[in-house]
Amino acid sequence: MAFILMSFSLPQDKQYGPEWDIPAKYKNMENPHKGDKSLKNVGRSLYMKHCRSCHGNKGEGDGPKSRMLETAMRDFGSEEVQSKTDGELYYMSIIGRDEMPNYESKIEYEEDRWALINYIRSMK
């Protein structure tokens with residue numbers, strides 16, 4: 001009896017991508033809307049529209065599209081993610097790289113971008 005083994009990778013088999021090379025301009029960037037609770041619904045709405053499909057409902061990297069990606073995603077609630085500066089999260093979330101797309105044209109307003117960063121901060 002012959003059978004074929006299909007090659008596929010399970011989410012737990014995926015590796016994280018290389019460390020991000022984030023310019024100093026972003027590392028030191030201040031969040032002018034840090035702690036602004038009035039932006040929570042804006043951040044949540046943007047997350048649901050642009051991020052949830054890959055990052056999942058709770059930011060755990062388990063969205064339906066995550067299975068199609070080559071690299072694993074970190075949990076937004078993890079110490080590793082939450083220890084990043086707001087500017088680093090901004091760069092990673094808005095500027096992107098490789099499989100993480102650029103969102104500058106999709107999230108045009110700075111206030112909205114920071115609302116998204118604030119929402120990601122709330123996932124701890």
Side-chain angles (χ1 to χ4, degrees):
M1 172 185 263
F3 61 93
I4 299 172
L5 292 176
M6 296 180 65
S7 174
F8 64 93
S9 78
L10 299 171
Q12 64 268 23
D13 296 334
K14 292 182 182 183
Q15 300 294 313
Y16 294 117
E19 286 297 314
W20 285 71
D21 183 18
I22 300 174
K25 166 187 169 182
Y26 291 95
K27 284 183 181 181
N28 301 318
M29 187 181 278
E30 295 284 329
N31 179 347
H33 302 283
K34 186 174 190 149
D36 186 343
K37 295 190 188 319
S38 71
L39 295 176
K40 184 170 183 170
N41 287 336
V42 173
R44 183 180 190 285
S45 175
L46 289 166
Y47 180 86
M48 293 301 165
K49 179 178 180 180
H50 298 293
C51 312
R52 177 177 59 170
S53 62
C54 291
H55 292 281
N57 288 330
K58 297 179 182 177
E60 296 173 345
D62 60 350
K65 288 186 178 179
S66 67
R67 289 180 229 112
M68 295 180 268
L69 300 175
E70 292 180 20
T71 54
M73 288 180 281
R74 287 178 169 70
D75 182 339
F76 286 151
S78 71
E79 176 61 31
E80 185 174 0
V81 171
Q82 292 293 323
S83 68
K84 301 286 185 200
T85 68
D86 284 349
E88 288 172 317
L89 290 178
Y90 180 101
Y91 185 86
M92 296 163 80
S93 302
I94 305 302
I95 307 303
R97 70 156 193 208
D98 303 329
E99 291 183 298
M100 178 62 203
N102 179 289
Y103 281 94
E104 291 174 293
S105 64
K106 292 182 179 180
I107 305 174
E108 295 180 51
Y109 302 109
E110 282 293 310
E111 184 177 59
D112 290 348
R113 294 174 183 179
W114 289 114
L116 177 61
I117 301 310
N118 289 346
Y119 187 73
I120 291 170
R121 285 277 183 226
S122 76
M123 296 180 155
K124 34 180 161 173

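None of the values given here were measured: they were computed from a predicted structure.
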Q: Determine, stepwise, if the pair Trp114 / Glu30 fulfils side-chain contact (heavy atoms from CB on, under 4.5 Å).
A: CA-CA 10 Å; Trp114 289 114; Glu30 295 284 329; over 6 Å; no

Show, in sequence, the C-alpha distance, side-chain angles and deciding distance for Lys58 and Met123, and conclude whether the side-chain contact (heavy atoms from CB on, under 4.5 Å) test is met. CA-CA 7 Å; Lys58 297 179 182 177; Met123 296 180 155; over 6 Å; no

Greater than 12 external heavy atoms within 6.0 Å of [X]'s [atom1]:
| X | atom1 | value |
| --- | --- | --- |
| Tyr16 | OH | yes |
| Arg74 | CZ | yes |
| Asn102 | CG | yes |

Smallest heavy-atom separation, Lys27 atom then Ile22 atom, equals CE-O, 3.2 Å

Between Asn57 and Arg52, the two heavy atoms sitting closest are OD1-CD, 2.6 Å

Self-check item: Parallel, tilted or perpendicular: ring planes of Tyr47 versus His55, cut at 30 and 60 degrees
Solution: tilted

request  = Please tell me if the side chains of Arg97 and Trp20 come closer than 4.5 Å, counting only heavy atoms from C-beta onward.
outcome  = yes

Do Asp62 and Asp75 touch side chain to side chain, with heavy atoms closer than 4.5 Å? no

### Message
Quick check on the hydrophobic clustering: are Tyr26 and Ile120 connected, directly or via other members, by side-chain heavy-atom contacts under 4.5 Å?
### Response
yes

Quick one: pull up [atom1] in [X] and [atom2] in [Y] and give me the separation to the nearest 0.5 Å.
| X | Y | atom1 | atom2 | result |
| --- | --- | --- | --- | --- |
| Met29 | Leu89 | CE | CG | 12.0 Å |
| Ser122 | Phe76 | OG | CZ | 11.0 Å |
| Cys54 | Met73 | SG | CE | 5.0 Å |
| Ile117 | Glu88 | CD1 | CD | 11.0 Å |
| Ile94 | Lys106 | CD1 | NZ | 11.5 Å |
| Tyr119 | Ser45 | OH | OG | 10.0 Å |

Under 3.5 Å, side chain of Tyr103 to main-chain N/O of His50, donor-acceptor pair present? yes

Using a 3.5 Å distance criterion without hydrogens, assess whether the side chain of Lys14 forms a donor-acceptor pair with backbone atoms of Ser66. yes

message = Determine whether Ile107 and Ser93 satisfy the following criterion, side-chain contact (heavy atoms from CB on, under 4.5 Å), listing intermediate values before the conclusion.
response = CA-CA 10 Å; Ile107 305 174; Ser93 302; over 6 Å; no

side-chain contact (heavy atoms from CB on, under 4.5 Å) between Thr85 and Asn31: does it pass, once the steps are laid out?
CA-CA 9 Å; Thr85 68; Asn31 179 347; over 6 Å; no

Where do Asp36 and Asn118 land on the side-chain hydrogen bond (donor to acceptor under 3.5 Å, both in side chains) test, with the steps shown first? CA-CA 8 Å; Asp36 186 343; Asn118 289 346; over 6 Å; no

Gln15/Thr71 under side-chain hydrogen bond (donor to acceptor under 3.5 Å, both in side chains): CA gap, chis, key distance, verdict:
CA-CA 6 Å; Gln15 300 294 313; Thr71 54; over 6 Å; no

Applied to residues 109-124, the salt bridge (Lys or Arg N to Asp or Glu O under 4.0 Å) test, sequence neighbours excluded, yields Asp86-Arg121, Glu110-Arg113

